[in-house]
Amino acid sequence: MKYRRIFSLFLILSVVVGGQACHLFSGNNLGSNAKNKLLVSGSSTVAPLAEKIADRYQVKHPRIQIQIQTGGSSKGIENVRQGISDIGMVSRDLTEDEADLLAFPIARDGISILVHQNNPVDSLSNEQIVKIYTGEIDNWGEVGGENAQISTISKQEERATYEVFVSYFDLQSSKIEINVEIGDNSEAIETVLNNPHAIAYVSIGAGEYEIVHGTPIKLLPINGVDATIANVQNGTFPILRTLNFITASPPTGIQKDFLEFATSDRVSDLVREQTLIPIAP
C-alpha cells in the first residue's frame, strides 16, 4: 500500500489508544506541564494532514507534545464535548445540532465512487449508485460491466464520509446493503485493490494521491463531472465538503496558537501535498 505517512525531525511513537490509531509527536526536553500538550482526535481523512501540520508546528515549538488519534468525525465531536480532546477533527460541515462547537476550516475535499482500475465501468448514474447500495443492482453486468457479483463497501455510520455520502444520494441507513464495512480511506482503497468487483466511496484527495502514485484504482465521475482535485477546487464537483478542526469553546494558549498556525497560509503547501484544497490564501 503506497499511501503512507512519513514522519521526520522528531521521535514518533505509534501506540493504540482505545482501539484507535494514535501518533505521538515528542520534542526534545519536553516539559511535563499539561499546558505543553494538545490532544487532537477524530476524522481519519483529516488526520494525515493534521500530522503534517503538527510536525511543522513543532519545528518552532519543540517542547509542545501533540497526539493525533483517529476514530471518525463523530468520535472527534464526542471527545471535544466531553473534554477528552483539546481539538477535534471533522471532515464535513457542522450541523445545526452541533452549533455549540466552533469550527476552524483547514481544507476542502470531495467524495466520489471508487472502483478497481480493471473494472470496465467508467461511470454510474446517481440512480444506479443508489440501486447498488440498496441491493436492487447486485451484478456489474446490469450496469455495463462484467457478469460478476458487486461487493459493496461502506464506511461505518459514525464516519463523516458516510454521512456526506448518504446525504447526497438521499439514502436511508436502514436500506443500505453492504458486504464490507470499513473505517478510513486507506481501508476502502485497500479493499477495492484486493477485490476487482468491489465498489466504495472515498475522499478524492486520498484516491487521487494513490492514482498518481500508481495504485490501480479509479474514481468515477458524479453527474458527468470528473472526480479530480481540480474540479473540487473550481467548485464544479457536486459532492464537496470542508475539513475542520473544532473546539468546544474559544481557543486559548497553545490551542489557539496551533489553530492560528493550522488555518494560515504557512501550511497551504502541506494541504496541497495531501491533494486537498487550501482554505487559507
Side-chain angles (χ1 to χ4, degrees), residues 17-18 20-23 25 33-58 60-61 64-111 155-164 167-168 184 203 205 232 235 239-268 270-272 274 276-281:
V17 179
Q20 302 168 7
C22 173
H23 302 279
F25 297 76
N33 192 317
K35 292 182 179 179
N36 287 338
K37 299 178 181 179
L38 283 178
L39 176 59
V40 184
S41 67
S43 167
S44 61
T45 298
V46 179
L49 174 59
E51 290 163 354
K52 294 291 186 178
I53 292 173
D55 190 16
R56 178 170 291 181
Y57 181 79
Q58 285 193 306
K60 290 189 176 181
H61 305 277
I64 305 303
Q65 185 182 26
I66 303 176
Q67 287 183 335
I68 309 292
Q69 296 179 6
T70 59
S73 293
S74 295
K75 191 65 176 178
I77 290 171
E78 178 185 346
N79 287 348
V80 164
R81 280 176 167 164
Q82 293 181 357
I84 297 173
S85 299
D86 302 292
I87 298 171
M89 300 180 290
V90 178
S91 52
R92 58 166 173 76
D93 293 322
L94 295 179
T95 66
E96 292 182 1
D97 294 337
E98 296 157 355
D100 57 309
L101 303 171
L102 300 175
F104 301 85
I106 57 173
R108 289 193 178 91
D109 188 24
I111 296 171
K155 291 202 170 189
Q156 298 157 342
E157 290 191 28
E158 65 269 18
R159 301 280 177 164
T161 309
Y162 173 91
E163 296 177 32
V164 174
S167 175
Y168 178 80
D184 59 24
S203 156
V232 172
I239 313 180
L240 300 173
R241 61 175 173 175
T242 303
L243 310 186
N244 298 287
F245 281 138
I246 62 166
T247 63
S249 60
T252 60
I254 294 172
Q255 181 191 43
K256 179 181 179 181
D257 190 62
F258 176 75
L259 287 170
E260 288 178 348
F261 178 79
T263 54
S264 73
D265 59 6
R266 289 174 286 179
V267 300
S268 293
L270 298 180
V271 175
R272 293 189 184 94
Q274 296 296 314
L276 298 169
I277 307 303
I279 297 291

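FYI, the numbering just counts along the sequence from 1. Keep in mind that the numbers below use all heavy atoms, side chains included, and drop hydrogens, waters and symmetry copies. Keep in mind that this is a model prediction, so the values were computed, not measured.
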Are R81 and D100 close enough for a salt bridge, meaning some N to O gap below 4.0 Å?
yes

Only one of L102, I87, I246 passes side-chain contact (heavy atoms from CB on, under 4.5 Å) with L259, and that residue is I87

Between S74 and E163, the two heavy atoms sitting closest are OG-OE2, 3.5 Å

Could you tell me whether the side chain of L39 reaches within less than 4.5 Å of the side chain of Q69, counting heavy atoms only?
yes

Across all chains, not counting sequence neighbours, the side chain to side chain donor-acceptor pair (under 3.5 Å) partners of T247 are none

Considering only heavy atoms from C-beta outward, does the side chain of I68 approach that of M89 to under 4.5 Å?
yes

Residue pair V232 / G110: nearest heavy atoms and the distance that separates them
CG2-N, 3.9 Å

K37 versus I64: any side-chain heavy-atom pair under 4.5 Å?
no

Distance check, rounded to the nearest 0.5 Å: Q274 atom CD versus I106 atom CD1?
10.0 Å

Once salt bridge (charged side-chain N to carboxylate O under 4.0 Å, His left out) is applied, do any residues pair with D86, and if so which ones, sequence neighbours excluded?
none

Less than 4.5 Å apart, any side-chain heavy atom of D184 and any of T70?
no

If you take all heavy atoms of A54 and F258, which pair is closest and at what distance?
CA-CE1, 4.0 Å

For the residue pair D93 and T95, establish whether any side-chain heavy-atom pair is separated by less than 4.5 Å.
no

Any F245 side-chain heavy atom under 4.5 Å of V46 side chain
yes

Measuring from atom CG of L240 to atom CD1 of I111, what distance do you get when rounded to the nearest 0.5 angstrom?
9.5 Å

Report the residues that fulfil side chain to side chain donor-acceptor pair (under 3.5 Å) with Q156, sequence neighbours left out, ordered by chain and then residue number.
R159

Listed once per pair and sorted, the side chain to side chain donor-acceptor pair (under 3.5 Å) pairs that draw on residues 251-260, sequence neighbours left out:
Y57-D257

Check side chain to side chain donor-acceptor pair (under 3.5 Å) between S91 and all other residues, then give those that pass, not counting sequence neighbours.
S43, S73, R241

Between Q58 and I66, what is the shortest heavy-atom contact and its length?
NE2-N, 4.2 Å

Name all residues meeting the salt bridge (charged side-chain N to carboxylate O under 4.0 Å, His left out) criterion together with E98; count only those two or more places apart in sequence or in a different chain, and write none if there are none.
R92

So does G205 get a backbone contact from the side chain of D109, meaning a donor-acceptor N/O pair under 3.5 Å?
yes

Below 4.5 Å, heavy atoms only, C-beta onward: do L38 and Q65 meet side chain to side chain?
no

Distance (rounded to the nearest 0.5 Å) between T242 OG1 and I277 CD1:
11.5 Å

Using side-chain contact (heavy atoms from CB on, under 4.5 Å) as the criterion, list what pairs up with Q82, not counting sequence neighbours.
E78, I84

Please name all residues satisfying side-chain contact (heavy atoms from CB on, under 4.5 Å) with L270, sequence neighbours left out, ordered by chain then number.
L49, K52, I53, R56, V267, E273

Between V80 and G88 the two heavy atoms that sit nearest each other are CG2-N, 3.2 Å

V164 versus I239: any side-chain heavy-atom pair under 4.5 Å?
yes

Nearest heavy-atom neighbours spanning L101 and A248:
CD2-CA, 4.0 Å

